[in-house]
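For reference, the structure is listed below as structure tokens.
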Amino acid sequence: MFSDVGGLEILTLIVMAIIIFGPDKLPKLIQDTMGFIRKVRSFADNAKEDIRSELGPEFKDFEFEDLNPKTFVRKQLMGGEEDPLGLKDMKDSLDIRSVLDDKPGAPVNGRAGSVGFEKAAPAAAYTGAPLQPGERPPFDPDAT
């Protein structure tokens, strides 16, 4: 939840709290806040236990986190013992790391070259008349 808050932000919040509430009222405010958080947690835990007891023994392994759609899909598709869609086989046969670990200049799809492009073959020596500026040699498909 607060994983994106850095040290500078926390230091700024502490300094602002000391300025706003003063050093004499700040410890009492922290104690009251922690007490409120403990009461809310105990209320939530009691509510969860009441729901589990009302559901009965067939739902003893029920987790409230499973109600989150992302968790439900992840658990059904990736975590279950049975794999009705065959995703495990597909995941095992796919080797993404080898594709992502390719380095420039390394063979790609069995071809050498930089970033998957083959180097052009050297042009065959032109033995005809000297070329004028802007003129091209004739195309020879057998030269390559």
Side-chain angles (χ1 to χ4, degrees), residues 1-126 131-144:
M1 181 174 172
F2 296 107
S3 61
D4 58 341
V5 178
L8 187 60
E9 288 91 358
I10 292 174
L11 182 65
T12 304
L13 289 173
I14 292 172
V15 170
M16 286 178 52
I18 291 174
I19 291 172
I20 292 172
F21 298 108
D24 53 334
K25 293 182 183 177
L26 195 59
K28 176 73 172 140
L29 180 70
I30 291 172
Q31 285 178 348
D32 292 344
T33 304
M34 292 303 294
F36 176 74
I37 291 172
R38 284 188 193 108
K39 285 182 183 178
V40 168
R41 281 186 183 168
S42 67
F43 176 74
D45 289 339
N46 289 338
K48 284 181 182 180
E49 290 303 318
D50 288 345
I51 291 172
R52 281 194 182 111
S53 66
E54 292 295 325
L55 287 175
E58 60 270 1
F59 291 101
K60 68 176 182 165
D61 295 333
F62 175 73
E63 292 294 327
F64 287 93
E65 290 81 20
D66 293 342
L67 297 176
N68 183 348
K70 287 182 181 178
T71 307
F72 177 78
V73 169
R74 186 179 307 124
K75 188 174 184 179
Q76 295 300 318
L77 292 180
M78 300 299 176
E81 289 296 321
E82 59 185 67
D83 190 16
L85 298 177
L87 293 176
K88 279 201 185 270
D89 297 335
M90 188 184 328
K91 184 178 127 190
D92 293 341
S93 67
L94 205 75
D95 190 15
I96 295 177
R97 285 196 188 271
S98 66
V99 174
L100 295 177
D101 289 341
D102 280 343
K103 295 176 180 61
V108 176
N109 293 335
R111 295 180 289 184
S114 174
V115 193
F117 295 106
E118 294 182 303
K119 292 185 179 180
Y126 178 69
L131 299 174
Q132 300 299 321
E135 191 179 12
R136 293 181 162 177
F139 176 70
D140 184 13
D142 295 330
T144 58

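Below, each value reflects all heavy atoms present in this structure, side chains not excepted, and no hydrogens, waters or symmetry copies.
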Let me have the donor-acceptor pairs involving side chains of residues 37-46, under 3.5 Å, with sequence neighbours excluded, atom names and distances please.
| residue | atom | partner | partner atom | Å |
| --- | --- | --- | --- | --- |
| Ser42 | OG | Arg38 | O | 3.4 |
| Ser42 | OG | Lys39 | O | 2.9 |
| Asn46 | ND2 | Ser42 | O | 3.3 |

Backbone of Ile51 reached by a side-chain donor or acceptor of Glu54 within 3.5 Å: no
For Thr12 against Leu8, the heavy-atom pair lying closest together: OG1-O, 2.7 Å
Straight-line distance of Leu26 CG to Ile20 CD1, nearest 0.5 Å: 10.5 Å
Nearest-0.5 Å distance, CG of residue Leu29 to CD of residue Gln31: 10.0 Å
